[in-house]
Every structure is written in structure tokens, then in C-alpha cells.
Amino acid sequence: MMMSRTKAESQSLPGCSDRCGNITIPYPFVIEEDCYLSREYKVNCTTLRLPITGFKLLDISLDGLMHGLLPMTYACYNSTHKLSRSNSVIWTDKFLVSSTMNLLTTVGCDTRANIVSMDGEDSITIVATKRKCNSLYDCSFVFKWAVGNGDCEYSQKDKTSYICKENSVCIDARDFGYNCHYAPGYRGNPYLPNGCQVVIEWTVGHNDCKHSQQDKRRYVCKENSVCIDSQINGGYNCRCAPGYQGNPYLPNGCQVTIARAPSVRAVEKSFRMMEVKVT
């Protein structure tokens with residue numbers, strides 16, 4: 001049986017914090033004054049805002065996207081028929097509101113919503129609909145971010161300012177700049193030195209689940225777990241069944257996480273089907 005050790009790698013430069021509460025702040029975004037690539041990427045950990053922006057951060061991904069909350073615009077009548085109104089100005093600095101991953105939504109009767117660019121040349125108008133938010137992410141905006149002021153070809157000529165590190169590839173951003181991505185076979189933060197580590201997959205045993213389960217002495221998946229056939233070699237992996245979490249290789253390692261978990265037999269077949277689809 002081959003096993004590997006992993007640890008949570010910092011997502012920022014040495015000596016720099018990468019957390020604001022429960023939100024991970026990956027480099028090139030930073031918290032401290034002495035750590036940022038440039039000031040526009042510095043996050044205020046108290047307000048969860050970036051300089052010259054009007055949105056509150058929910059998360060940042062290394063795929064060039066951010067989720068954020070924007071101030072609500074409204075026009076409502078109270079019980080005395082007095083109108084209360086607020087029109088919001090959205091400052092996003094160099095970060096763009098994604099045109100493919102957001103919906104402009106209005107709630108009410110006989111209402112209309114408009115979003116207009118500051119120069120007045122572009123606008124979107126919708127009529128009333130009814131919708132409620134089940135979570136913050138349902139009603140958050142997606143923003144695109146990138147680094148640099150030119151595309152990959154242009155930026156790679158300046159070795160001092162080009163920030164994609166080893167084992168990474170450069171991807172042109174759609175509107176401006178570029179993003180770094182880990183190369184195939186690697187994972188991690190491509191903006192940090194040695195930030196992209198090779199991915200090593202491991203399994204247990206030498207046979208698939210069906211044959212391994214026949215040898216009760218050597219079969220290592222414990223109670224409340226399911227066996228998943230490896231798609232790479234003849235071994236298998238154990239995972240806690242839905243409704244459980246923990247280490248499926250240890251006795252009593254998978255503990256219930258909800259009041260009433262589904263039975264292992266009931267979910268094992270669908271769990272395997274889901275695994276095959278993901279692969």
C-alpha cells in the first residue's frame with residue numbers, strides 16, 4: 001500500500017497572511033502592505049474590499065474569478081405612499097463584471113431595472129420578475145480579474161514583471177492582461193515560486209473493489225464507507241459514504257454528519273456511477 005503526506009500550502013508569499021477570517025486570499029491578492037504585487041490587489045481584511053471598488057469579497061479563485069456582493073439599488077413606497085430610492089454606483093476599478101456569469105434581477109410589480117455604464121454608451125434593461133436568494137452566492141456578482149497590462153506574448157518579454165512561475169502556463173484574459181494556470185499534471189498557485197506541485201495519485205491494493213472485497217483480511221475500507229475502483233491501475237480507494245465524513249481507512253473513521261444518513265448499500269451504486277462520470 002502506497003500513501004502520501006500532504007499539508008495545507010500557504011497561498012501567499014513567505015511571511016504574508018493568506019486568510020481574512022474564513023476567506024482565502026491567494027497571491028497576487030494580499031492583505032499586508034509589503035506583500036502585494038500592486039496596490040489594486042490589496043484586500044482590506046476588515047471591510048473585505050479592494051481599493052477603488054464598491055463590492056464586498058466573498059471569495060477569490062485562481063481561475064481569474066471573484067464572487068462579491070454589490071450594494072442594492074431600490075425604489076420602494078412605504079405605508080404612507082412615500083417613495084424611498086437608492087441608486088448605486090458600482091466601482092470595480094480594473095476588475096470586470098462577468099458578462100456571462102451574472103444575471104440582472106429586479107423584484108416587484110410593474111418594475112424595471114437598468115444598469116448603465118458610466119459613459120452612458122452601454123446599458124441593460126429588464127422588467128419585473130420574482131426571485132429569492134437561498135444563499136449569499138445566489139445573489140452575488142462574479143467579477144473577472146487578471147494581471148499585467150498586456151497579453152501573454154507581450155508580457156513574457158519583460159522577465160522582471162512577468163509573474164507566472166515554474167510549472168505554469170500563461171492564458172490571455174479576454175478583455176485585458178493575462179492569468180497564470182498550473183500546467184497539466186500539477187496543482188497549486190502558479191503566481192508563487194514553487195507554487196505548482198506535481199499531482200501524484202495513490203491507491204490501495206492490487207485488485208478492483210469486487211475482487212478485493214472477497215478477501216476480508218486485506219480489504220481496508222471500514223464501516224460507513226464505499227469502495228471506488230481506480231481508473232488508473234488495478235487498485236482502489238475508500239471514501240466515506242454520503243452523510244459521513246472522516247477517514248474511511250480507520251475503524252469508526254467515518255462519522256455521521258447529518259441526523260439521518262442514507263444507508264451505505266443504498267448510495268454505493270450511485271456513488272460509483274457519479275465517480276465514473278466525474279472521471
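Side chains are part of it too, since the values below use all heavy atoms of this structure and drop only hydrogens, waters and symmetry mates.
C164-C170 SG separation is not under 2.5 Å; the pair is not scored as a disulfide.
Taking all atoms of both residues into account, the shortest heavy-atom contact from Q197 to G188 is OE1-CA, 4.5 Å. Closest approach of L13 to P193, counting heavy atoms only: CD2-CD, 4.3 Å.
The side-chain heavy atoms of Y236 and V204, taken from C-beta on, include a pair separated by under 4.5 Å. Within the 4.5 Å cutoff, no side-chain heavy atoms of Y219 are placed close to those of Q214. In this structure, K165 and C180 have side chains that are not in contact, with every pair of non-hydrogen atoms separated by 4.5 Å or more. Side-chain contact between Y182 and S168 is absent, with no heavy-atom pair separated by less than 4.5 Å. Under the 4.5 Å side-chain criterion, counting only non-hydrogen atoms from C-beta, R49 is in contact with K56. Side chains of P28 and W145 form a contact here, defined as non-hydrogen atoms less than 4.5 Å apart. A 4.5 Å side-chain heavy-atom check between C221 and P248 finds every atom pair outside the cut-off. Taking 4.5 Å as the limit, every side-chain heavy atom of N179 sits out of range of all side-chain heavy atoms of V147.
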* Start with the C-alpha distance between I23 and L58, add both sets of side-chain angles, then the distance that settles side-chain contact (heavy atoms from CB on, under 4.5 Å), and finish with yes or no. => CA-CA 7 Å; I23 298 177; L58 293 176; 5.6 Å; no

* **Intermediate values then yes/no, side-chain contact (heavy atoms from CB on, under 4.5 Å), K222 and N247** => CA-CA 9 Å; K222 304 305 181 182; N247 189 333; over 6 Å; no

* side-chain contact (heavy atoms from CB on, under 4.5 Å) assessment of K144 paired with L65 -> CA-CA 5 Å; K144 296 185 292 183; L65 298 175; 3.8 Å; yes

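Between T24 and R19, the side chains place a donor N or O and an acceptor N or O closer than 3.5 Å (distance only, hydrogens not considered).
Between the side chain of E223 and the main chain of N252, a donor-acceptor pair closer than 3.5 Å is present.
Atom-to-atom distance recorded for L62:CG and Q11:CD is 6.0 Å, nearest 0.5 angstrom. Atoms CD1 and CD1, on I25 and I60 in that order, are 4.5 Å from each other to the nearest 0.5 Å. Taking CZ from R39 and CD from E33, the interatomic distance works out to 5.0 Å, rounded to the nearest 0.5 Å. Between the CG atom of N149 and the OG atom of S161 there is a distance of 8.5 Å, given to the nearest 0.5 Å. Considering OG1 of T203 and CG of D208, their distance stands at 11.5 Å, rounded to 0.5 Å. C196 SG to H181 NE2: the interatomic distance, rounded to the nearest 0.5 Å, is 9.0 Å.
With ring centers used as reference points, Y154 lies 6.0 Å or more from Y178. Taking the ring centroids of F29 and Y191, they lie at or beyond the 6.0 Å cut-off.
Both Y41 and L48 belong to a common hydrophobic cluster when Ile, Leu, Val, Met, Phe, Trp and Tyr are linked at side-chain heavy-atom distances under 4.5 angstrom. A single hydrophobic cluster is not seen to contain both L250 and I228; linkage of ILVMFWY side chains at heavy-atom distances under 4.5 Å, directly or through other members, places them apart.
Screening C16, S12, C20 for a side chain to side chain contact (heavy atoms under 4.5 Å, CB included) with I31, the sole residue that qualifies is C20.
Atom CG of D34 has 12 or fewer heavy atoms from other residues, nucleotides or ligands within 6.0 Å.
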